[in-house]
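None of the values given here were measured: they were computed from a predicted structure. Protein chains get the first letters and strands the later ones, always in sequence-line order, with residue 1 at the start of each.
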Protein chains: 2
Amino acid sequence: MLIVTNPVNIRYFAGVELEAYERFAALIICGAKRAFVVPKLDEGRVPGPVFAYSDGEDPADALRRAAEVCDDREVEVDGSTTLRAWEVIKRALGITAYRIADERINDLRAVKRPEEVERITRAAEIIKKVIAEVYAELSPGVAEREAAASIYLNLIEEGLRPGPILVQFGENTALPHQGPTGRRLREGDVVIIDVTAAYDGYYADITRTFAFRGEPARFREIYEAVSEAQTAAVAAARPGASAGEVDEAARSALRRRGLDRYFVHRTGHGLGLEFHEAPNIAPGESYKLRAGNVFTIEPGVYLQGHFGVRIEDDVVVEGEGARVL
Amino acid sequence: MLIVTNPVNIRYFAGVELEAYERFAALIICGAKRAFVVPKLDEGRVPGPVFAYSDGEDPADALRRAAEVCDDREVEVDGSTTLRAWEVIKRALGITAYRIADERINDLRAVKRPEEVERITRAAEIIKKVIAEVYAELSPGVAEREAAASIYLNLIEEGLRPGPILVQFGENTALPHQGPTGRRLREGDVVIIDVTAAYDGYYADITRTFAFRGEPARFREIYEAVSEAQTAAVAAARPGASAGEVDEAARSALRRRGLDRYFVHRTGHGLGLEFHEAPNIAPGESYKLRAGNVFTIEPGVYLQGHFGVRIEDDVVVEGEGARVL
């Protein structure tokens, strides 16, 4: 039997979002049979069969009854199951061994159904619109933090759930992971806007780089190199190619221009109910792409003390290649 | 030896915030001796001794070397340690048993040092200012979601890290956990604004209830009852009192007015590096309050279909009683 405790995996398998993250909750799966164990508070949110427990009751008792839907006692769990939850499982079933099912679950989740691709597409469209609108309203003197907050506001108004938002001006664009600061916009700054947000639970992740009313030396050259690397990686993404080959396509395009040593992160990551999931588009990754994989392609070049450029789009692998969402 | 893997507990014991949450990271503590195991990416963020591992290396090897700072092999862990992390610990130390140290860690964390109280106080002050400012600008037709986004914006601009933000209008105020919707403000609506946000990692949590240009029947009566219950609970909070007694002080004040059955949640929860931590201010809780405990006191009365009232402040237990932050 598979015992799923990770709330994101529960949402994946059963389509429900539980509230009571602090309390024990699990979905038991054996073939087509399922059963939920949840605190009373969440009883109405899940489809049956459901075994609810009140505060003061031992969730292990509910789990023991729920597990009767399964014939076996070989327990598979997600690796993100906490020891606290594992104690409940041990107590309920009298077992001491588990197998971690992450690989199998992540493989399933990495291949999106059409309705999942639709949601990510919708998120990507709205994010692009919001980035364009907020960029168009930037004026000298605005702080990175203020621009980030206004993106947040727009995402909420559009019905998206915001994830990490990066807004970087000038020399800060050379620091690929730095969050919004009080740095104020000046003419001639490079601007990077990187927005992650979910529509109906599914995340898209888009980055755009601009030069604000003037550009520093080498900006055009670097921008074109990154854009070329991105195009090369999109072209390399197709069923049967490895994730490492897609990474290498971006990396070798930059290598031809002598810029690969400034590309200091992976080329991309999967998107779905989480904003970082399988597949991992990184050097040497052997994962073979399949139709339905959705991931970012986001090469970047970072010249410390000067500026950085990153261009990020989301693609879905289809029939013969990959389509930008 | 205590092996801490929960990032919040690592921050508590060592004052550092790690980035690489997806990868294995741990802080080993034996008495005054400490050692970190982190991915290379985080090596520069932690004080020594640090045992870093690269992608492709087994973190268990680094952990095995790090554990040599300790003489014993009796392992205590946090209950939020994942099975994936536990596999690393097992492999590193060749052990199969652990003891969960949550109670001890939570007891430590529940008693705040003066510099922790200062941060929560600062967060509380800013939140109160932001609530007052945003409420003053509300006009008929604004949606709950828009008001929530504008609170978020203000918190960011003030340098706080926003946690959950509730804005509720009219009949929605009777649903204590419901997030912001598209419901638009009308004259005569009750308005609840509930804001959680952190200053330098430490959360405060404040709720205010208003009547917007007119008030429904019974509003004044209910507001006064909740205010009285809150005052009674603050008066009951002092070193040596139990958390349950504080809850009962609020509950019995409402009982005298026949309103206790509309008070459907606990009286409060601890505040610190997390916005829900020990102590739990709920019926029957035997935890004895100590100087340095910081928690919310937030009684509420909810008349389904009509309106709700909740008043929430944060207190620190001191010498003879409790002080509102």
Side-chain angles (χ1 to χ4, degrees), chain A residues 3 5-6 19-22 41 55-56 75-89 96-102 143-159 161-162 165 167 177 179-182 264-266 269 274 276-277 280 282-285, chain B residues 3 5-6 19-22 41 55-56 75-89 96-102 143-162 165 177-182 264-266 269 274 276-277 280 282-284:
Chain A
I3 303 183
T5 64
N6 177 322
E19 239 187 52
Y21 285 10
E22 292 172 35
L41 170 64
D55 281 356
V75 168
E76 283 190 298
V77 290
D78 9 63
S80 55
T81 299
T82 63
L83 290 176
R84 208 179 295 125
W86 168 240
E87 290 291 317
V88 174
I89 298 171
T96 55
Y98 55 82
R99 210 165 56 237
I100 290 183
D102 290 15
E144 291 172 353
R145 263 209 293 262
E146 290 162 0
S150 124
I151 289 169
Y152 184 92
L153 183 102
N154 278 273
L155 293 172
I156 297 270
E157 279 171 2
E158 297 279 354
R161 181 202 294 165
I165 297 171
V167 175
H177 298 294
T181 72
V264 295
H265 53 71
R266 60 182 171 180
H269 52 81
E274 289 176 293
H276 288 163
E277 55 176 70
N280 182 26
E285 283 286 340
Chain B
I3 302 183
T5 64
N6 177 323
E19 241 189 50
Y21 285 12
E22 292 172 35
L41 170 65
D55 280 355
V75 169
E76 282 189 299
V77 290
D78 9 63
S80 56
T81 299
T82 63
L83 289 175
R84 208 179 296 126
W86 168 240
E87 290 291 315
V88 175
I89 298 171
T96 54
Y98 55 80
R99 208 164 58 236
I100 290 183
D102 290 14
E144 289 172 355
R145 261 208 295 262
E146 290 162 0
S150 126
I151 288 169
Y152 184 91
L153 183 102
N154 278 274
L155 294 172
I156 298 271
E157 279 170 3
E158 297 280 354
L160 297 199
R161 181 201 295 165
I165 298 171
H177 298 296
Q178 180 173 284
T181 72
V264 294
H265 54 71
R266 60 184 172 181
H269 52 80
E274 289 176 293
H276 288 163
E277 54 177 71
N280 182 27

- Query: Between Thr82(B) and Ser80(A), which heavy-atom pair has the shortest distance, and what is it?
  - Reply: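 Looking at all heavy atoms of both residues, the closest pair is CG2-O, 3.7 Å.
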- Under 4.5 Å from a heavy atom of chain A, the part of Asp102(B) involved: side chain
- With a 4.5 angstrom heavy-atom cut-off, could you sort out which part of Ile100(B) is near chain A: side chain, backbone, both or neither?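 Just the side chain, heavy atoms under 4.5 Å.
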- Message: Run the side chain to side chain donor-acceptor pair (under 3.5 Å) test against Tyr152(B) and tell me which residues pass, sequence neighbours left out.
- Response: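 Residues passing side chain to side chain donor-acceptor pair (under 3.5 Å) with Tyr152(B): none at all.
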- Item | Residues that His269(A) engages under side chain to side chain donor-acceptor pair (under 3.5 Å), provided they are two or more places apart |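 His269(A): side chain to side chain donor-acceptor pair (under 3.5 Å) contacts with Asp205(A), Glu298(A).
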- Taking side chain as C-beta onward, heavy atoms only, is Leu83(B) less than 4.5 Å from Leu83(A)?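 With C-beta onward as the side chain, the pair touches.
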- Query: How about Glu146(B) and Glu157(A): do any of their side-chain heavy atoms sit closer than 4.5 Å?
  - Reply: yes
